[in-house]
Asks: 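Take a look at the following structure, please.
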Amino acid sequence: MFYETHWRSIIKAVSWRIMGTVATALLVFIFTRKLALSLWVGALEFTSKIGLYWLHERVWDRLRFGKKEVRPAVIWFTGLSGAGKSTIADKVYRALQERGLRVERLDGDSVRDIFPATGFTRPERDQHVRRIGFLASKLEQNGVTVVASFVSPYEESRQFVRGLCGRFVEVHVATPLAECEKRDVKGLYAKARRGEITNFTGIDDPYEEPTRPELRLDTAALSLDESTLRVLQYLDKQVLRVS
Ligand SMILES: Nc1ncnc2c1ncn2[C@@H]1O[C@H](COP(=O)(O)OS(=O)(=O)O)[C@@H](OP(=O)(O)O)[C@H]1O
Ligand SMILES: Nc1ncnc2c1ncn2[C@@H]1O[C@H](COP(=O)(O)OP(=O)(O)O)[C@@H](O)[C@H]1O
């Protein structure tokens, strides 16, 4: 979010004063036809009111009255590979960005591109999800809303992340396995079925369904736009209060 610097307030004060003073001097001249008097009134008004304007701005800047606070949150998409987490999270991220929110996007694939040694055994995933959760909570503490999308298949590590964050919105992208496998965006389900990759969530590694997610979306039944809208509506009403 942006805040008004002292310099911006001062420059706005000067530009506004020039306009106001020209108007006042003109009015005095129209009524009195005395040029010197008009210029004196203009000069006095310029110097006194510019200070008053600056003071007025700064006092208002300190008042909370009438200001709407936008509170950051961690929006955590979880679900099977191919469920639609990244696609929906990307749209939610762009929508929040367009509203002028400070927002960061974290995704399993992009984090793993940077740290390719991160594996898929249970301890490795636990550590990975907890680290990301810690990072997300730090961003949130500094006013940044985080849109995260990770398979994050284990309840315990998701609960750990929830505990770290101030406002944690768990979005379970609950697309059925059969639909994800049909999509098989990256051909990984086929590989997992052939046994070419192991510990694949939903095939030979469990996905523990969230017990009480804030939102549950089945993309076999909901379009991308409908899912995105549900998330944004939930955030507006319950979390960010930006409407
Ligand atoms: N064994 C196994 N299980 C699940 N996923 C696998 C696996 N191997 C590779 N991939 C690809 O890695 C992506 C998941 O990474 P994440 O960091 O989100 O996973 S996790 O949270 O640590 O479980 C996941 O990306 P998405 O499809 O975007 O979810 C997969 O493409
Ligand atoms: N209603 C929907 N919502 C989200 N994605 C959908 C939907 N219908 C089809 N898809 C497709 O499913 C795929 C989901 O891939 P992706 O978002 O990468 O999933 P994930 O991040 O969960 O692995 C994309 O190719 C997307 O276009």
Side-chain angles (χ1 to χ4, degrees), residues 74-95 104-137 146-165 168-210 213 215-234:
V74 174
I75 306 146
W76 189 277
F77 291 80
T78 171
L80 295 170
S81 174
K85 302 180 298 296
S86 310
T87 310
I88 304 167
D90 283 345
K91 267 204 109 171
V92 168
Y93 169 73
R94 281 195 298 273
E104 187 54 78
R105 178 84 179 84
L106 298 173
D107 182 76
D109 281 338
S110 44
V111 172
R112 282 171 179 277
D113 277 350
I114 300 168
F115 303 106
T118 315
F120 285 95
T121 63
R122 185 167 187 135
E124 284 170 318
R125 290 192 205 227
D126 268 341
Q127 208 172 54
H128 165 65
V129 167
R130 284 167 183 242
R131 279 200 190 114
I132 297 297
F134 177 73
L135 171 66
S137 73
V146 177
V147 180
S149 49
F150 293 84
V151 173
S152 44
Y154 311 127
E155 179 70 8
E156 197 189 331
S157 48
R158 289 193 306 262
Q159 288 298 339
F160 177 85
V161 177
R162 182 185 284 276
L164 290 177
C165 301
F168 185 74
V169 180
E170 189 176 29
V171 183
H172 178 201
V173 185
T175 310
L177 175 64
E179 173 67 22
C180 297
E181 199 166 354
K182 198 169 78 188
R183 290 179 188 167
D184 204 3
V185 189
K186 301 169 191 164
L188 293 176
Y189 281 97
K191 280 190 181 168
R193 289 286 183 203
R194 291 196 298 268
E196 290 167 20
I197 48 175
T198 53
N199 298 325
F200 197 80
T201 309
I203 306 298
D204 61 342
D205 204 64
Y207 178 78
E208 299 169 4
E209 301 240 326
L215 278 172
R216 190 170 267 132
L217 310 168
D218 174 359
T219 68
L222 292 169
S223 73
L224 172 59
D225 284 346
E226 282 165 341
S227 298
T228 308
L229 192 66
R230 284 199 188 189
V231 178
L232 291 174
Q233 281 174 343
Y234 180 86

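None of the values given here were measured: they were computed from a predicted structure. In each ligand, atom 1 is the first atom listed, and ligand 1 is the first ligand listed.
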Asks: Among protein heavy atoms, which sits nearest to atom 2 (C) of ligand 2, and what does the distance come to when rounded to 0.1 Å?
Replies: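 Nearest protein contact, heavy atoms only, for atom 2 (C) of ligand 2 is Thr219 CB, 3.5 Å.
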Asks: Could you check whether any heavy atom of Gly82 sits closer than 4.0 Å to an atom of ligand 2, since that is the contact criterion I want to use?
Replies: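 For ligand 2, residue contact (heavy atoms, under 4.0 Å) with Gly82 is present.
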Asks: Would Leu217 count as a contact residue for ligand 2, given that I'm defining contact as a non-hydrogen atom of the residue lying under 4.0 Å from a ligand atom?
Replies: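 It does not, in that no heavy atom of Leu217 comes within the 4.0 Å cut-off of ligand 2.
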Asks: Under 4.0 Å from any heavy atom of Thr198, which atoms of ligand 1 are there?
Replies: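 Going through ligand 1 atom by atom, the ones under 4.0 Å from Thr198 are 1 (N).
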Asks: Do the rings of Trp76 and Phe150 sit parallel, tilted or perpendicular, given the 30° and 60° boundaries?
Replies: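 Trp76 vs Phe150 ring planes: parallel.
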Asks: Could you tell me which atoms of ligand 1, counted from 1 in the order shown, lie closer than 4.0 angstrom to a heavy atom of His128?
Replies: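 Near His128, meaning under 4.0 Å from one of its heavy atoms, ligand 1 has 17 (O), 22 (O).
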Asks: Please report which non-hydrogen protein atom sits nearest to atom 5 (N) of ligand 1, along with the residue it belongs to and the distance in Å to one decimal place.
Replies: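 Answer for atom 5 (N) of ligand 1: Phe120 CE2, 3.6 Å.
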Asks: Do any nitrogen or oxygen atoms of Val185 lie less than 3.5 angstrom from nitrogen or oxygen atoms of ligand 2?
Replies: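 Checking ligand 2 against Val185, no N or O pair falls under 3.5 Å apart.
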Asks: Which atoms from ligand 1 have a heavy atom of Val129 less than 4.0 Å away?
Replies: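 What qualifies from ligand 1 is 21 (O).
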Asks: Using a strict cut-off of 4.0 Å, indicate which atoms of ligand 1 neighbour a heavy atom of Lys85.
Replies: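 What qualifies from ligand 1 is 29 (O).
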Asks: Return yes or no for this condition: an N or O of Ser86 is under 3.5 Å from an N or O of ligand 2.
Replies: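 The answer is yes, given that Ser86 and ligand 2 share an N or O pair closer than 3.5 Å.
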Asks: Quick check: does any side chain N or O of Arg158 sit under 3.5 Å from a backbone N or O of Ser152, one acting as donor and the other as acceptor?
Replies: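 Yes.
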Asks: Can you list the atoms of ligand 2 that are under 4.0 Å from a heavy atom of Ser81?
Replies: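 Those atoms are 23 (O).
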Asks: Tell me whether Glu226 contacts the main-chain N or O of Ser223 through its side chain, where contact means a donor paired with an acceptor under 3.5 Å.
Replies: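 Judged by distance alone, yes, a pair lies under 3.5 Å.
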Asks: Taking atom types as modelled, is there a side-chain donor on Thr201 or Arg125 under 3.5 Å from an acceptor on the other?
Replies: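 The criterion, which ignores hydrogens and geometry beyond distance, is satisfied for Arg125 and Thr201.
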Asks: Determine, for Phe168 and Arg162, whether the Lys NZ or Arg CZ falls below 6.0 Å from the six-membered ring centre while staying within 45 degrees of the axis.
Replies: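 No, a cation-pi geometry is absent between Arg162 and Phe168.
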Asks: Which pair of non-hydrogen atoms, one from Tyr154 and one from Glu208, has the smallest distance, and what is that distance?
Replies: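 That closest heavy-atom pairing would be CA-OE1, 3.5 Å.
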Asks: Distance to 0.1 Å, residue and atom name: give those for the protein heavy atom nearest to atom 19 (O) of ligand 2.
Replies: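 Closest protein heavy atom to atom 19 (O) of ligand 2: Gly84 N, 3.1 Å.
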Asks: Within the 4.5 Å heavy-atom criterion, are Arg122 and Pro153 side-chain neighbours or not?
Replies: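 No. Closest side-chain heavy atoms not under 4.5 Å.
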Asks: Please list the nearest protein heavy atom to atom 4 (C) of ligand 1 with its residue and the distance rounded to 0.1 Å.
Replies: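 Checked against all protein heavy atoms, atom 4 (C) of ligand 1 sits closest to Thr201 OG1, 3.5 Å.
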Asks: Counting C-beta onward and ignoring hydrogens, is there a side-chain heavy-atom pair between Glu181 and Ile203 closer than 4.5 Å?
Replies: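 Glu181 reaches Ile203 side chain to side chain.
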Asks: Just checking, is any N or O donor in the side chain of Arg183 or Thr219 under 3.5 Å from an acceptor N or O on the other one?
Replies: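 Result is yes, a qualifying pair exists.
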Asks: Please check: side-chain N/O of Asp107 versus main-chain N/O of Val111, any donor-acceptor pairing under 3.5 Å?
Replies: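 Answer holds: no.
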Asks: For Val161 and Gly133, work out which heavy atoms get closest and say how close.
Replies: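 Taking every non-hydrogen atom into account, CG1-CA, 3.6 Å.
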Asks: Nearest 0.5 Å, what's the CD1-OH distance between Ile197 and Tyr189?
Replies: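 Ile197 atom CD1 to Tyr189 atom OH measures 10.0 Å (nearest 0.5 Å).
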Asks: Starting from atom 2 (C) of ligand 1, which protein heavy atom do you reach first, and at what distance in Å?
Replies: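 Looking at atom 2 (C) of ligand 1, the protein heavy atom closest to it is Phe200 CD1, 3.3 Å.
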Asks: Report the part of Thr118 (side chain from C-beta onward, or backbone N, CA, C, O) that has a heavy atom under 4.0 Å from ligand 1; answer both or neither where that applies.
Replies: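 None of Thr118 does.
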Asks: Tell me which protein heavy atom sits closest to atom 27 (O) of ligand 1, plus the residue, atom name and distance to 0.1 Å.
Replies: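 Residue, atom and distance for the closest contact: Ser81 OG, 2.6 Å.
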Asks: Hey, looking at atom 20 (S) of ligand 1, which of Ser152, Gly202, Gly108, Gly82 has the closest heavy atom?
Replies: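 Of the listed residues, Ser152 has the closest heavy atom.
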Asks: Of all the atoms in ligand 2, which lie at a distance below 4.0 Å from a heavy atom belonging to Leu80?
Replies: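 Listed by number with element, the hits are 22 (O).
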Asks: Below a 4.0 angstrom heavy-atom separation, can you tell me which part of Leu188, side chain or backbone, both or neither, approaches ligand 1?
Replies: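 Contact part for Leu188 vs ligand 1: side chain (C-beta onward).
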Asks: Which residue and non-hydrogen atom of the protein lie closest to atom 14 (C) of ligand 1, and at what distance in Å?
Replies: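 Minimum-distance protein heavy atom for atom 14 (C) of ligand 1 reads Val151 CG2, 3.7 Å.
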Asks: Below a 4.0 angstrom heavy-atom separation, can you tell me which part of Glu124, side chain or backbone, both or neither, approaches ligand 1?
Replies: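 For Glu124, there is no contact with ligand 1 at all, from either part.
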Asks: Out of all atoms in ligand 1, which are within 4.0 Å of some heavy atom of Arg112? Include the element for each.
Replies: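 That gives atoms 15 (O), 16 (P), 17 (O), 19 (O), 20 (S), 22 (O) of ligand 1.
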Asks: If we only count N/O pairs under 3.5 Å, is Arg183 in contact with ligand 2?
Replies: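 Yes - when backbone and side-chain N and O of Arg183 are compared with those of ligand 2, one distance drops under 3.5 Å.
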Asks: With no hydrogens and no angle check, is any side-chain donor or acceptor of Asp204 less than 3.5 Å from a backbone partner on Asn199?
Replies: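 Judged by distance alone, yes, a pair lies under 3.5 Å.
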Asks: Of the protein's non-hydrogen atoms, which lies at the shortest distance from atom 17 (O) of ligand 2, and what is that distance?
Replies: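 Its nearest protein heavy-atom neighbour is Thr87 OG1, 2.4 Å.
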Asks: Nearest 0.5 Å please: distance from the CG atom of Leu217 over to the OG1 atom of Thr228.
Replies: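 If I round to the nearest 0.5 Å, the distance is 8.5 Å.
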Asks: Is a donor on one side and an acceptor on the other found under 3.5 Å between the side chain of Lys85 and the backbone of Gly79?
Replies: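 Yes.
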Asks: Could you measure the distance from the CD1 atom of Ile75 to the CD1 atom of Ile88? Nearest 0.5 Å is fine.
Replies: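 The CD1 atom of Ile88 is 13.0 Å from CD1 of Ile75, to the nearest 0.5 Å.
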Asks: What protein heavy atom lies closest to atom 3 (N) of ligand 1? Include the residue and the distance to one decimal.
Replies: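 Going by distance alone, atom 3 (N) of ligand 1 is nearest to Arg125 NH2, 3.0 Å.
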Asks: Is there any N or O on Leu222 that sits under 3.5 Å from an N or O of ligand 2?
Replies: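 Right, the criterion is met.
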Asks: Polar contacts were defined as any N/O atom of the residue lying under 3.5 Å from an N/O atom of the ligand; does this apply to Asn199 and ligand 1?
Replies: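 N/O-N/O distance under 3.5 Å: yes.
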Asks: Kindly state if atom 27 (O) of ligand 2 has a protein heavy atom within a strict 4.0 Å cut-off, that is, under 4.0 Å?
Replies: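 Protein heavy atoms within 4.0 Å of atom 27 (O) of ligand 2 - there are none.
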Asks: Quick check on contacts: which atoms of ligand 2 are under 4.0 angstrom from a heavy atom of Ser223?
Replies: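 Every atom of ligand 2 under 4.0 Å from some heavy atom of Ser223: 1 (N).
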Asks: Do the side-chain N and O atoms of Tyr207 and Thr78 include a donor-acceptor pair separated by under 3.5 angstrom?
Replies: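 A donor-acceptor contact under 3.5 Å links the two side chains.
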Asks: Are any of the N/O atoms on Pro153, whether in the backbone or the side chain, positioned under 3.5 angstrom from an N/O atom of ligand 1?
Replies: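 Looking only at distances, the answer is no, because the N/O contact criterion of under 3.5 Å is not met.
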Asks: What is the nearest protein non-hydrogen atom to atom 26 (P) of ligand 1, stated with its residue, atom name and distance?
Replies: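 For atom 26 (P) of ligand 1, the nearest protein heavy atom is Lys186 NZ, 3.3 Å.
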Asks: Should Thr175 and Leu80 count as side-chain neighbours, where that means a heavy-atom distance under 4.5 Å?
Replies: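 No; the side chains remain at least 4.5 Å from each other.
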Asks: Considering heavy atoms of the protein only, find what lies nearest to atom 13 (C) of ligand 1 and give residue, atom and distance to 0.1 Å.
Replies: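 For atom 13 (C) of ligand 1, the nearest protein heavy atom is Asp109 OD1, 3.5 Å.
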